[in-house]
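Encoded as structure tokens, the structure appears first; notes follow it.
In what follows, every heavy atom counts, from backbone to side chain, and hydrogens, waters and symmetry copies are set aside. Please read all numbers here as calculations on a predicted model, not as lab measurements.
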Amino acid sequence: LISVSYCLLFAAQRHVLTYMEDAVSQLLENREDISQYGIARFFTEYFNSVRQGTHILFREFSFVQATPHNRASFLRTFWRCFRTVGKNGGKYSSICCYLLTAQEYHCLLQLLCPDFPMELTQKAARIVLMDDAMDCLMSFSDFLFAFQIQFYYSEFLESVAAIYQDLLAGKNPNTVIVPTSSSGQHRQRQLPNDCSPLDGVEASLFYQCLESLCDRSKYSCPPSALVKEMLGSAQRLTFYGFLMALAKDQGINRALGALPDKGDLFLDPVMDQELEKLVAQVSGLSVSGPTSSSGDTANLPVRNSPRINSPWKPLHHRRKMDAESEGSNEETDSSEN
């Protein structure tokens, strides 16, 4: 009985049911093709992709934000794909931009998740820009760490905004606040007109409310001990000052575990090797050029970049594409002969 209870608790904490439902849904949608290479192989690839964090690629936003693991995987993927945007100088500086607007960062997010909501991007940008115009430029590192806090702790921040408003108004905040939206797109309550956001609230009282919220919330919250340490030296603080402190705190970043420390943000040896291969391939193609009409491709560089196993594009689709490609090459070779 104890072992069964433990297994159920583990399954709930790891959101196993969420992944099982998604896997079965995809299995039913592609059952005719999947039957060609087996259901067992499909589930193996699916849960391998979940473990590797590639399962969120090109998925709908409702799935991307469904679990803490999905959110961390999306953050890690966004960093790995677009970290060269933030390189100020270096090997790839000639093809990289250094500062982008919120709209441009949103376009990058939509390359990984086509229906990613603009509202979350704007909220992340507001942490960086404060009261500045939303079309101001931001560095990649500033936006990334602000986006991490806003995206991963979105439900927590909604409740924090409500607590902050109540404190500004002199009310006793209700710390048991349950967000009603399951989409991750939350609206923060506006501050009353008679309260000055510049004055902020008392830091110690604010922390007491946050500690109670973290103890009772069923959503992801930053470690309360780290929050207490972060607020220890402050007398008063504003809401966006608190968000900026969260975004800059490397202890909270390490506890979340999705991104490296800021000093290592642009270091990724594995991805660098892939970029070097890609640059070498592009350079080789541009140097060799179409110098012969014989169709001889023996001297062209071979692309060895690994494919990402994602349930969005199951293995059997790739095999069919490869088979069709090989067949078309054979027909071309025979026609040339």
Side-chain angles (χ1 to χ4, degrees), residues 53 56-87 96-162 164 179-191 197 219-220 222 238-249 252-253 256 258-260 262 265-266 312:
I56 46 80
L57 282 170
F58 318 121
R59 294 296 304 271
E60 62 279 6
F61 178 73
S62 60
F63 179 75
V64 168
Q65 61 88 49
T67 70
H69 175 67
N70 286 9
R71 298 187 189 195
S73 298
F74 186 81
L75 287 166
R76 191 177 300 108
T77 301
F78 181 75
W79 160 64
R80 295 195 69 191
C81 288
F82 303 115
R83 68 188 177 86
T84 52
V85 170
K87 277 194 172 182
C96 293
C97 301
Y98 309 138
L99 301 174
L100 299 177
T101 64
Q103 179 62 51
E104 290 168 329
Y105 282 116
H106 183 66
C107 291
L108 296 181
L109 291 167
Q110 287 187 311
L111 291 177
L112 303 178
C113 175
D115 65 335
F116 197 92
M118 182 64 184
E119 182 182 4
L120 278 179
T121 308
Q122 290 174 335
K123 287 182 177 181
R126 196 169 288 113
I127 297 175
V128 179
L129 301 175
M130 298 291 187
D131 294 329
D132 293 337
M134 291 300 293
D135 58 351
C136 290
L137 300 175
M138 295 171 284
S139 70
F140 180 75
S141 60
D142 286 345
F143 174 80
L144 180 63
F145 285 112
F147 174 71
Q148 172 179 237
I149 294 299
Q150 182 61 62
F151 177 57
Y152 193 85
Y153 295 125
S154 58
E155 294 86 359
F156 169 75
L157 295 186
E158 181 192 17
S159 299
V160 171
Y164 182 82
T180 57
S181 174
S182 60
S183 65
Q185 304 179 45
H186 307 296
R187 294 185 178 180
Q188 297 171 355
R189 292 192 243 173
Q190 298 297 321
L191 299 178
Y219 298 101
S220 298
T238 63
F239 177 66
Y240 282 105
F242 172 70
L243 297 187
M244 178 60 76
L246 283 178
K248 291 183 175 181
D249 192 281
I252 292 177
N253 176 58
L256 199 152
L259 301 176
K262 189 172 184 179
L265 194 61
F266 304 116
W312 187 253

Does the side chain of [Y] come within less than 4.5 Å of [X]'s, by heavy atoms?
X      : Y      : result
Leu246 : Ile127 : no
Lys262 : Ser141 : yes
Phe58  : Leu111 : no
Cys81  : Leu112 : yes
Met244 : Thr238 : no
Phe140 : Thr84  : no

Polar side-chain atom of Asp115 near backbone of Phe61 as donor-acceptor pair, under 3.5 Å: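 Yes, Asp115 side chain to Phe61 backbone: donor-acceptor pair under 3.5 Å.
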Arg59 side-chain N/O to Val64 backbone N/O, donor-acceptor pair under 3.5 Å: no
Aromatic ring proximity Phe116/Phe78, centre distance under 6.0 Å: no
Centroid-centroid under 6.0 Å between Phe147 and Tyr152 rings: no
Residues that His69 engages under ring-ring contact (aromatic ring centres under 6.0 Å, His included), provided they are two or more places apart: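 Residues passing ring-ring contact (aromatic ring centres under 6.0 Å, His included) with His69: His55.
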Full working for side-chain contact (heavy atoms from CB on, under 4.5 Å) between Phe151 and Phe74: CA-CA 10 Å; Phe151 177 57; Phe74 186 81; 4.0 Å; yes
Let me confirm one number: the [atom1]-[atom2] distance from [X] to [Y], rounded to the nearest 0.5 Å.
X      : Y      : atom1 : atom2 : answer
Leu144 : Tyr105 : CG    : OH    : 9.0 Å
Leu265 : Arg83  : CG    : CZ    : 9.0 Å
His106 : Thr101 : NE2   : OG1   : 11.0 Å
Glu158 : Gln150 : CD    : CD    : 10.0 Å
Leu75  : Arg80  : CG    : CZ    : 14.0 Å
Phe82  : Leu100 : CZ    : CG    : 10.5 Å

Side chains of [X] and [Y]: donor-acceptor distance under 3.5 Å anywhere?
X      : Y      : value
Arg71  : Ser220 : no
Gln103 : Asp135 : no
Thr67  : Asn70  : yes

side-chain contact (heavy atoms from CB on, under 4.5 Å) evaluation trace for Leu99 with Met138: CA-CA 5 Å; Leu99 301 174; Met138 295 171 284; 5.9 Å; no
Salt-bridge present (Arg126, Glu119; N to O < 4.0 Å):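 Between Glu119 and Arg126 there is no salt bridge, as every charged N stays at least 4.0 Å from the carboxylate O atoms.
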What are the two closest non-hydrogen atoms of [X] and [Y], and how far apart are they?
X      : Y      : result
Ala247 : Ile149 : CA-CG1, 3.6 Å
Ala102 : Thr121 : O-CG2, 3.4 Å
Pro260 : Asn253 : O-ND2, 3.1 Å

Tyr219 vs Phe156, side-chain contact (heavy atoms from CB on, under 4.5 Å): CA-CA, chis, key distance, verdict: CA-CA 7 Å; Tyr219 298 101; Phe156 169 75; 5.6 Å; no
side-chain contact (heavy atoms from CB on, under 4.5 Å) evaluation trace for Phe145 with Lys248: CA-CA 7 Å; Phe145 285 112; Lys248 291 183 175 181; over 6 Å; no
